Amino acid sequence: MTHQTHAPEPLGVPTRRAAIKLLDAVLRRGEALEAALPAATRMVHGPDRGLAHAIAAETLRRLPDLDALIDGATERALPDDAKARMALRIALVQALVLGTPPHAAISTVLPLVDGGPRKLVHGVFGTLMRGHALLPEVPALPPLVEARWQKAWGEAMVEAAEHAIAAPPPLDITLTDSAETDEWREKLGGVSFAPGHLRLRDHDSVPDMPGYTDGAWWVQDIAASFPARLLGEGRGTVLDLCAAPGGKTMQLAAAGWTTVAVDSSQGRIKRLRENLFRTHLKAEVVKADVREWKPDAPVDAVLLDAPCSATGIFRRHPDVLHRVRPSMVAELAELQAQLLVRAADWVKPGGTLVYATCSLEPEEGERQLERFLNARGDYRIDPVAEGTLPVAATEGGWVRTMPGDIAEGGNDGFFIVRLVRS
């Protein structure tokens, strides 16, 4: 009896196979790229896992433009989920964006395509390379996203979003002690847009940077730091709802609040505890679903950074541009409304409620606020004063950050409102 053995795949092919699995998870099944990573990269390890992620992320960042190149070089349009289209996408993104030599980019994807389509992939790629194909300097947004955002915010916002997705963003960090901003700017370089904030363009691997192991800072987009900044210095007890992985919890604890952090995800709570331990900050951590849990007594402040579509963080997570649909936004808006109503009951009279979402969808921000104020006459907006944050508040007194508000490197999209209970 003979046993058939399979020859090992050529070097680099398993990594490209993993990249296609990641793209398939996002584009066909609607999974988040980070959530799909463990299963898709199960057969690759170390730097190869990072490369698979980079190929998939850059493909998603440039998908409309990559498809335009492919469609311009084929007589008949390939189906969106065809192996040939997927292979061409990742071959082109490697050659045109990631700096992979064209022969390596194509040789590592051809084994992933069977039969006749393999010849098609080879021919289309060769045609584009011989024609010195280029991707536009400013990427296009997916058509449905462009139409949605243009209707909500206008052409200038769409252009800012296209510029924002052109490259991975810089690294923002929040310092445990904002009084040491100048000291850490000297050690790490970069620029600061607010006390306790630094932005770095060039940096080592995060765990290897000075101060990380000692807990002197953590990674946090500057816009993500705004909700906790609106609560100011600690003056009592604050609930941080949907708190993990803990950036806002650490801000509140560092500002002197007695902080109770609530989250329903065991895995995310584990990260939150690790972050608190590393930064030597203290908070009570509760694993619970906010829809079922409630505090023993009303508190001085509540920060609700509600689950949302996360379209505001598309610079780091370009998958949201391809998997978030209006139906998902509508479902999440209903969840946000439930959480907001519950959280409002837990604030003492005279206390503060900050509601935030990392979303660029009005249904999860402006419309949610309008709905809440119509239902709760005991709340009013506490307008954000000029100079409180490095971005201006709206005429209504809340904060709406858009891509490109902060000129040197941009920022995530957030809606933030500070409310006071009468």
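Just the heavy atoms: all of them, side chains too, but no hydrogens, waters or symmetry mates, feed the values below. No experiment lies behind these values; they were computed from the predicted model shown.
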Show, in sequence, the C-alpha distance, side-chain angles and deciding distance for K21 and D24, and conclude whether the salt bridge (charged side-chain N to carboxylate O under 4.0 Å, His left out) test is met. CA-CA 5 Å; K21 286 181 179 178; D24 188 64; over 6 Å; no
Separation between [atom1] of [X] and [atom2] of [Y], rounded to the nearest 0.5 Å:
| X | Y | atom1 | atom2 | result |
| --- | --- | --- | --- | --- |
| L230 | L303 | CG | CG | 8.5 Å |
| E363 | L332 | CD | CG | 11.0 Å |
| T249 | L281 | OG1 | CG | 10.0 Å |
| I90 | L92 | CD1 | CG | 10.0 Å |
| F415 | E366 | CZ | CD | 5.0 Å |
| L78 | M86 | CG | CE | 12.0 Å |

So, does [X] use its side chain to make a donor-acceptor pair with the main chain of [Y] at under 3.5 Å?
| X | Y | result |
| --- | --- | --- |
| D263 | A244 | yes |
| S192 | H197 | yes |
| T259 | V238 | no |
| D405 | V391 | no |
| R199 | P170 | no |
| Q336 | P307 | yes |
| D382 | V420 | no |
| S265 | R268 | yes |
| D305 | Y355 | no |
| T279 | G215 | no |

Heavy atoms, side chains only, cut-off 4.5 Å: are [X] and [Y] in contact?
| X | Y | answer |
| --- | --- | --- |
| L276 | K282 | no |
| W217 | M209 | yes |
| L340 | Q368 | yes |
| V329 | V324 | yes |
| V285 | K270 | no |
| P403 | R315 | no |
| C308 | C358 | yes |
| L88 | L66 | no |

**Salt-bridge contact R85-D71 (side-chain N to carboxylate O under 4.0 Å)** =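 Salt bridge: yes.
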Note to self: Between R376 and D345, does any side-chain N to carboxylate O distance fall below 4.0 Å?
What the structure shows: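 Counted as a salt bridge, because a side-chain N and a carboxylate O are separated by less than 4.0 Å.
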Practice task
Could you go through the side-chain contact (heavy atoms from CB on, under 4.5 Å) check for V399 and T388 one step at a time?
Solution key: CA-CA 11 Å; V399 175; T388 304; over 6 Å; no
Are more than 12 heavy atoms from other residues, nucleotides or ligands located less than 6.0 Å from atom [atom1] of [X]?
| X | atom1 | answer |
| --- | --- | --- |
| L11 | CG | no |
| L98 | CG | yes |
| E408 | CD | no |
| H163 | NE2 | no |
| E155 | CD | yes |
| R316 | CZ | yes |
| D202 | CG | no |

Run R16 and I55 through side-chain contact (heavy atoms from CB on, under 4.5 Å) and show every step you take.
CA-CA 8 Å; R16 277 67 179 181; I55 292 170; 4.1 Å; yes
Evaluate K187 against E183 for salt bridge (charged side-chain N to carboxylate O under 4.0 Å, His left out), listing each step before the verdict. CA-CA 7 Å; K187 289 181 181 178; E183 176 185 334; 3.3 Å; yes
### Task
Using the side chain to side chain contact (heavy atoms under 4.5 Å, CB included) rule, pick out the option among I222, D172, V191, T401 that qualifies with I406.
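Answer to the side chain to side chain contact (heavy atoms under 4.5 Å, CB included) test with I406 among I222, D172, V191, T401: I222.
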Only one of L135, V138, L96 passes side chain to side chain contact (heavy atoms under 4.5 Å, CB included) with D65; say which it is.
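Output: one option passes, namely L135.
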Quick one: closest heavy-atom pair of [X] and [Y], and the distance?
| X | Y | value |
| --- | --- | --- |
| A356 | I416 | CB-CG1, 4.1 Å |
| D319 | A32 | OD2-CA, 3.5 Å |
| L272 | G246 | CG-CA, 3.9 Å |
| A343 | L241 | CB-CD1, 3.8 Å |
| L141 | A161 | CD1-CB, 4.1 Å |
| E233 | A255 | OE1-O, 3.2 Å |

Is it the case that the side chains of [Y] and [X] hold a donor-acceptor pair, with the cut-off being a distance below 3.5 Å and no angle test?
| X | Y | value |
| --- | --- | --- |
| H53 | E34 | yes |
| E361 | W149 | yes |
| R49 | T41 | yes |
| E364 | S309 | yes |

Q. What pairs with W184 under side-chain hydrogen bond (donor to acceptor under 3.5 Å, both in side chains), at least two apart in sequence or on another chain?
A.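 side-chain hydrogen bond (donor to acceptor under 3.5 Å, both in side chains) check on W184 returns E180.
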Checking M402 against L360 for the side-chain contact (heavy atoms from CB on, under 4.5 Å) test, could you report, in this order, the C-alpha distance in whole Å, the side-chain angles of both residues, the deciding distance, and whether it holds?
CA-CA 8 Å; M402 293 291 189; L360 285 163; 3.8 Å; yes
>> Are F414 and F226 an aromatic pair, judged by ring center distance below 6.0 Å?
In response: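 Ring-ring flag for F226/F414: false, centres at least 6.0 Å apart.
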Among R371, R367, R291, which one satisfies salt bridge (charged side-chain N to carboxylate O under 4.0 Å, His left out) with E334?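 Answer to the salt bridge (charged side-chain N to carboxylate O under 4.0 Å, His left out) test with E334 among R371, R367, R291: R371.
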message = Test salt bridge (charged side-chain N to carboxylate O under 4.0 Å, His left out) on E58 and R61; report intermediate values, then the result.
response = CA-CA 5 Å; E58 286 303 318; R61 199 180 291 280; 3.2 Å; yes
Inset, instruction - Evaluate the criterion side-chain contact (heavy atoms from CB on, under 4.5 Å) for residue pair W257 and R235; output intermediate values, then yes/no. - result: CA-CA 6 Å; W257 288 91; R235 53 184 189 280; 3.6 Å; yes
